[in-house]
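This report refers to the structure that appears directly beneath it.
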Amino acid sequence: MNRSLQSLKITLLNIGKVHLDSKWNFDDVISPFSRLYLIKGGYGVVHHNDQVFHLKPGYLYLIPSFTYSSYKCPEYLEQVYVHFLEEVGSGLSVYNIKSFQYEVKASALAKQLFKRLLYINTNRHLLQNDPKTYENASTLKSFEEKNSSQSSGNYMETNGILQILLSQFIEEKSPTLPLSNKTNKITEALFYISEHLSDALTVDDLAKRCHLNTDYFSRLFKEQTGLRPIDYIQQKRIERAKVLLTTTNRSMQEIADMVGLSNISYFSRLFSKLSNKTPGAYRKEYWTI
């Protein structure tokens, strides 16, 4: 499984130190990027992944991408925040192949790394704290473009630091035991799905690629991911569509084609089913008009 992490790419979007008050109060936020917090003082509350996290000084917090979350500061909160994109291979999320915890005590090293990250990434802070003001295509693109103006050394150091900080949250399950052949097969299937979302994907074809009986493959896939293969594929297609809706100005038909759902009517129905809103409404909500 660690071999798959060799292709992990992390892209910095924002970093800044901020003092928040009761205006930091947002519900039903879902972003195409991950958030990382180092709490310096005060108190706040974050809800995500069916858990409630009480933000405490001296702790690190991770909020994965495409996770419904809410944020609240009753009175005062001081934090350093980092927003970043992550990708393994061609579109697979690191959250698909590793288990993460979302709250860890900040080590002395982590605090120094946050300090260094701030120092080498000046003028990367947000001008406003409301997600709806910065989660739009043009703004996200401008955040990414700032990486190209960095010196080569700062760019490499930034990515190295982000990988170290993200590694603090990985849950190692039985690290001394070798991965089973079954797990490797499902991991290979996940990579294949992420790289071929625009193609016609069938459970039979995936099973054949893994040299497994279709029924057995389906049971094993659900055991490893918690979802049936077809449900996982649909979920990944809609997640990819959300990224394209919020970071490009492509037409609905172009996006539908790119995620393997060329029938625009079906694409819209499936998107609405999994997101509780139409693609157009989703884009309108996250784009600044």
Side-chain angles (χ1 to χ4, degrees), residues 4 7-9 11 30-34 64-68 85-98 135-137 140-141 144 183-287:
S4 63
S7 61
L8 174 62
K9 175 186 176 183
T11 303
I30 181 169
S31 307
F33 53 81
S34 299
S65 56
F66 294 107
T67 301
Y68 273 105
L85 298 170
E86 55 75 31
E87 186 176 71
V88 179
S90 178
L92 190 66
S93 171
V94 70
Y95 305 116
N96 295 134
I97 61 176
K98 282 291 183 180
E135 291 185 3
N136 58 79
L140 290 176
K141 185 177 180 181
E144 283 193 85
T183 302
N184 281 328
K185 287 182 180 296
I186 298 304
T187 300
E188 290 172 10
L190 295 179
F191 269 101
Y192 185 83
I193 290 169
S194 73
E195 294 174 352
H196 295 83
L197 282 178
S198 61
D199 299 341
L201 295 169
T202 68
V203 180
D204 285 344
D205 288 341
L206 290 172
K208 287 177 182 176
R209 291 189 64 84
C210 294
H211 307 289
L212 296 172
N213 170 273
T214 301
D215 288 339
Y216 179 67
F217 169 79
S218 296
R219 290 198 302 273
L220 189 60
F221 192 98
K222 186 172 183 180
E223 177 185 313
Q224 297 289 332
T225 68
L227 294 170
R228 295 184 308 151
I230 189 62
D231 292 333
Y232 178 88
I233 292 169
Q234 290 178 334
Q235 178 178 297
K236 294 296 120 183
R237 281 176 165 156
I238 297 308
E239 285 183 6
R240 183 73 59 82
K242 286 178 178 178
V243 173
L244 293 169
L245 285 166
T246 55
T247 61
T248 76
N249 59 359
R250 294 180 184 276
S251 70
M252 293 297 174
Q253 185 62 63
E254 286 178 309
I255 291 174
D257 291 340
M258 291 175 71
V259 299
L261 298 168
S262 296
N263 185 313
I264 194 70
S265 239
Y266 178 67
F267 167 68
S268 185
R269 288 198 307 273
L270 181 61
F271 193 101
S272 299
K273 177 183 176 182
L274 297 182
S275 306
N276 296 318
K277 61 188 69 175
T278 66
Y282 183 89
R283 169 174 268 176
K284 184 177 181 180
E285 180 177 343
Y286 284 93
W287 278 43

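For residues 202-214, the side chain to side chain donor-acceptor pair (under 3.5 Å) pairs, not counting sequence neighbours, are T202-D205, D204-T214.
The heavy-atom pair separating C210 from K185 by the smallest distance is O-NZ, 2.9 Å. Between L245 and R283, the closest heavy-atom pair is O-NE, 3.2 Å. Among all heavy-atom pairs drawn from F271 and K277, the shortest one is CD2-O, 3.2 Å. The minimum heavy-atom distance linking I230 with V203 is given by the pair N-CG2, 4.4 Å. The minimum heavy-atom distance between L197 and I233, with the atom names listed, is CD2-O, 4.3 Å. Contact between E86 and V94 at its shortest, heavy atoms only, is OE1-N, 2.9 Å.
For E239, the salt bridge (Lys or Arg N to Asp or Glu O under 4.0 Å) partners two or more places apart in sequence, or in a different chain, are K236. Here S262 pairs with D257 under the side-chain hydrogen bond (donor to acceptor under 3.5 Å, both in side chains) rule; sequence neighbours left out. The side-chain contact (heavy atoms from CB on, under 4.5 Å) check on D199 picks up H196, with sequence neighbours excluded. Under the rule for a ring pair (Phe, Tyr, Trp, His ring centres under 6.0 Å), the partners of F217 that lie at least two apart in sequence or sit in another chain are F221.
With hydrogens and angles left out, the side-chain atoms of S34 and Y95 include a donor and acceptor closer than 3.5 Å.
Note that CG of L220 is 4.0 Å distant from CD1 of I186, once rounded to the nearest 0.5 Å. Between atom OG of residue S198 and atom CD1 of residue I255 there is a gap of 14.0 Å, rounded to the nearest 0.5 Å.
The main-chain N or O of L227 is found under 3.5 Å from a side-chain atom of T225 such that the two form a donor-acceptor pair. Between the side chain of S218 and the backbone N or O of Y216, no donor-acceptor pair lies under 3.5 Å.
Residues L85 and E87 have side chains not in contact (no heavy-atom distance under 4.5 Å, counting atoms from C-beta outward).
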N/O donor to acceptor pairs below 3.5 angstrom from side-chain atoms of residues 263-270, sequence neighbours left out:
unit_1	atom_1	unit_2	atom_2	d
N263	OD1	S265	N	3.0
N263	OD1	Y266	N	3.1
Y266	OH	Q234	NE2	3.0

| message | Quick one, L201 with R237, criterion side-chain contact (heavy atoms from CB on, under 4.5 Å). Give me CA distance, side-chain angles, the key distance, then yes/no. | response | CA-CA 11 Å; L201 295 169; R237 281 176 165 156; 4.0 Å; yes
